[in-house]
Every structure is written in structure tokens, then in C-alpha cells.
Amino acid sequence: TLECYPGEARETARAGLAACARDGQPFDLELPFLDVNGRSLWVRVTGRPVRDPDGAVVALQGAIQDITASKQAELALRATQERLQATIRALPDLWFIFDQNDRYVEVSDPDHPSLSQDWPNKVGRRLHETVAPELADQMIESAAIARRTGQVHAYLYDMDTRGGEIRHFEGRTVPLADGRWMMLVRDVTETVHLERRFRRLADVLPIAVFESDAEGQTRWVNARWQELYGMSAEQGQGSGWLAGVHPDDREEARRTWFGSAPTGARYSSENRILRPDGSVRSVRVDSIAVHRADGQFVGRVGVVVDTT
């Protein structure tokens, strides 16, 4: 039957049998196996010595069990785990695992520069013991939202790193089993700085400029936009800008804008706005999609031109 074990499995089986016959050492092996039809299987081979009254090994007895199904499932799970671990190691983000009491359990890179403290000072401790209370509250609230919805929850925050520099981060909270949760951290400092420079430049342009998120909600408008619409930046946030659209054009503007927002496609339309002083202006709205470095669609930047 040794010929049924391919390659190295044959030597493993031979060594197990020899050790059992020579030294009385039992064996329990899981090995690949070829049946009489040439099918590849997995078997569990067990054996133990049979001794005479003087204790000498006079025979071996054992069993062979077909474990192909369970072994294939085990190998598939192991391959999946290896792929997952490889993917996690390849992520540029820092990630943490927290237990149900918001204590640090695991980190992807103990030497990562984005850590606020050395990892030995964090592991096993609660969030409120290692970061500012306001930030700890924000992280724990994000974990609560992720658990409640079962969805990833994202937020932005600033933090002092070990080097004493204030950096800007995007946190993404993922719910795990047994009340545990994962937080992925991406350093977005350069993006934040670029966005601030863009906004400072846009504020001096003689054309209305706006930014929206991936859902189409306005998150920023420049000074010329506020002047054109006769609205403050706060009034224009979210979908507040719709209040400045002429009532006869408002529903069409709402439908076309929010209908196209999730696609990230280029947007262009014309409508009228009704200013607080009662004057009516015709405008053209154009916008293009904004993507992160990883290709994810995050919103739009656009302009409003007075075509009256």
C-alpha cells in the first residue's frame, strides 16, 4: 500500500510504520493518497504496536480513513486566510483591532510613524488612556455606529504623532465578531493641505466654485458663489443650495444633480436662481469627479457661471 502514497508522503508513511515496528511508537498521519482508479484523496492513517507478553512488538494494527472532504475544506480555508493576511500586509494603511471594551489588541505595524505612542504603551490599554478624550469619544462612537449598522463608518480627525507633528487622518471603523472592531487609519495630511490651498486660491477667483461629496451633498463654496446666490457658506451646505434655485427650476435641478451624483460622471446643466433681492439670474453649472489615489470616487468640484 505504500505505493498509493505519492512523493514525500510515501517516505512519511514508511518512516511512521518503521518507528512503530521498531520502537513501538504510535502514529497518526494525514497524507495524500491515490486510490486504484488514480483519484487523488486525503487519508488519515493511524497505527499502534501489538506486543507479546514480554512487551516485544510482534505486529501493527491501525486504520485508514478517507478525510478528503474535510481536508479540502481545511486547505481552502488556509488558502483564504493566507490571501487575507497577504492583502492586509500589503495595505498602506495602519490598522488596529480593539476588544469589546475598546482596548488595543493588535496592530498591523508596531513601528508605523502614524502611531501616537510606542505600541507597547498602547497594547492592552483603553482608548481613553492613550489618546485625547475628544478623539477617543469620536472613535468609540464610530465603533458604535458600525456595530449598529453593520457597515463601515468613516470619519476625519487630527492627532499628534510620536514625532510631535500634527497630522490629518481618515479613520474607517469595521465591526467584528464578539463586540470587537477594527479601525483602518489613512494619513490624508497631504490631501488636506492640497485641499486648503485649492480653497484659498478658489476664494480669490471671480467665478463661483463649489465642492460636493460622493452623494452630491455640497460641503464647501467659495466667496463668489456666496455672492452670486446671495447665500452664506453655511446656507449652501448639503442640499441647502436648492433654496437659491428658482422655484420653477428647483425640482428639475434636484433630480438631475442628485440622480447623477453617485455615478461620478461629468455634469452640466442650466437653470435660474432667485436671489434674496428678487432678481433672477441664469446660470450654467459644470462639475467633474474627484477620485482618491486608489481610484475611489469621493465627490465633485464644479463651477457656476452667470450666463444672464
Side-chain angles (χ1 to χ4, degrees), residues 134 138 141-142 145 148-149 151-158 168 170-172 188-308:
E134 298 81 5
Q138 185 180 16
E141 174 62 19
S142 178
I145 293 172
R148 185 168 62 249
T149 63
Q151 303 294 322
V152 176
H153 181 257
Y155 58 97
L156 298 174
Y157 66 95
D158 302 335
H168 307 281
E170 178 189 64
R172 289 178 173 266
V188 294
T189 303
E190 298 307 318
T191 301
V192 170
H193 289 173
L194 286 171
E195 184 177 84
R196 289 176 178 175
R197 285 197 289 270
F198 164 76
R199 291 181 177 183
R200 285 197 296 268
L201 173 63
D203 257 336
V204 300
L205 291 175
I207 191 170
V209 181
F210 66 91
E211 290 180 346
S212 70
D213 63 19
E215 284 72 46
Q217 300 291 329
T218 299
R219 61 181 185 178
W220 178 83
V221 294
N222 74 342
R224 174 55 184 151
W225 188 99
Q226 297 171 57
E227 178 186 342
L228 177 61
Y229 278 75
M231 302 171 67
S232 68
E234 291 73 20
Q235 290 172 322
Q237 293 287 312
S239 57
W241 58 272
L242 277 169
V245 178
H246 192 284
D248 293 342
D249 299 348
R250 193 171 297 160
E251 178 56 29
E252 177 68 10
R254 185 203 64 77
R255 184 186 63 79
T256 58
W257 172 253
F258 287 106
S260 66
T263 68
R266 189 183 186 98
Y267 176 85
S268 181
S269 73
E270 295 184 4
N271 59 257
R272 293 168 295 170
I273 59 175
L274 180 61
R275 293 167 46 83
D277 62 7
S279 61
V280 176
R281 310 294 295 180
S282 296
V283 297
R284 178 180 176 87
V285 182
D286 287 284
S287 74
I288 58 172
V290 177
H291 297 87
R292 282 198 322 209
D294 60 5
Q296 181 178 346
F297 170 57
V298 294
R300 282 192 169 108
V301 61
V303 297
V304 183
V305 179
D306 186 341
T307 60
T308 307

inquiry  = To check you understand the geometry: which heavy-atom pair defines the closest contact between D203 and A223, and what is its length?
reply    = OD1-N, 2.8 Å
note = Across all chains, not counting sequence neighbours, the side chain to side chain donor-acceptor pair (under 3.5 Å) partners of T307 are none
Test ring-ring contact (aromatic ring centres under 6.0 Å, His included) applied to H168 - qualifying residues, sequence neighbours left out = H193
query = Would one find more than 12 heavy atoms of other residues, nucleotides or ligands at under 6.0 Å from atom CZ of R266?
reply = no
query = Do the non-hydrogen side-chain atoms of Y229 and V221 ever get within less than 4.5 Å of each other?
reply = no
message = For a side-chain contact (heavy atoms from CB on, under 4.5 Å) check, start with the C-alpha distance between R224 and L205, then their side-chain angles and the critical distance, and finish with the verdict.
response = CA-CA 7 Å; R224 174 55 184 151; L205 291 175; over 6 Å; no
inquiry  = Please give me the minimum heavy-atom distance between S239 and F258, naming the atom from each residue.
reply    = CB-CZ, 3.8 Å
Lys/Arg-Asp/Glu bridge criterion (N-O < 4.0 Å) met for D213, R219 = no
ask   = Between atom CG of D249 and atom CG of L242, what is the distance when rounded to the nearest 0.5 Å?
value = 11.5 Å
query = How many angstroms lie between OG1 in T308 and CD1 in I273, if you round to the nearest 0.5 Å?
reply = 7.5 Å
query = Does the side chain of L228 come within less than 4.5 Å of W225's, by heavy atoms?
reply = no
query = So do E252 and N271 actually touch side chain to side chain, heavy atoms under 4.5 Å?
reply = no
ask   = So which heavy atom on A253 is nearest to which on T256, and how close?
value = O-OG1, 3.3 Å
ask   = Any sub-3.5 Å donor-acceptor pair from S279's side-chain atoms to R275's backbone N or O?
value = no
message = Quick check for you: to the nearest 0.5 Å, what is the distance between F210 atom CZ and Q237 atom CD?
response = 12.5 Å
task = Spell out, as yes or no, whether a donor-acceptor pair under 3.5 Å connects the side chain of S212 to the backbone of G299.
result = no
ask   = Are the side chain of R300 and the backbone N or O of G216 linked by a donor-acceptor pair below 3.5 Å?
value = no
query = Does D286 reach the main-chain N or O of V303 with its side chain, forming a donor-acceptor pair under 3.5 Å?
reply = no
query = How about W257 and Y267: are their ring centroids closer than 6.0 Å?
reply = yes
message = Under a 3.5 Å distance rule, please check whether R284 uses its side chain to pair with a backbone N or O of V305 as donor and acceptor.
response = no
key: Spacing of R272 atom CZ and R281 atom CZ [to the nearest 0.5 Å]   = 13.5 Å
remark   = Shortest non-hydrogen pair, S142 vs H153, comes out as OG-ND1, 2.7 Å
task = Mind listing the closest non-hydrogen atom pair of V290 and F297 along with its distance?
result = O-CD1, 3.6 Å
query = Between Y157 and Q138, what is the shortest heavy-atom contact and its length?
reply = CB-OE1, 3.7 Å
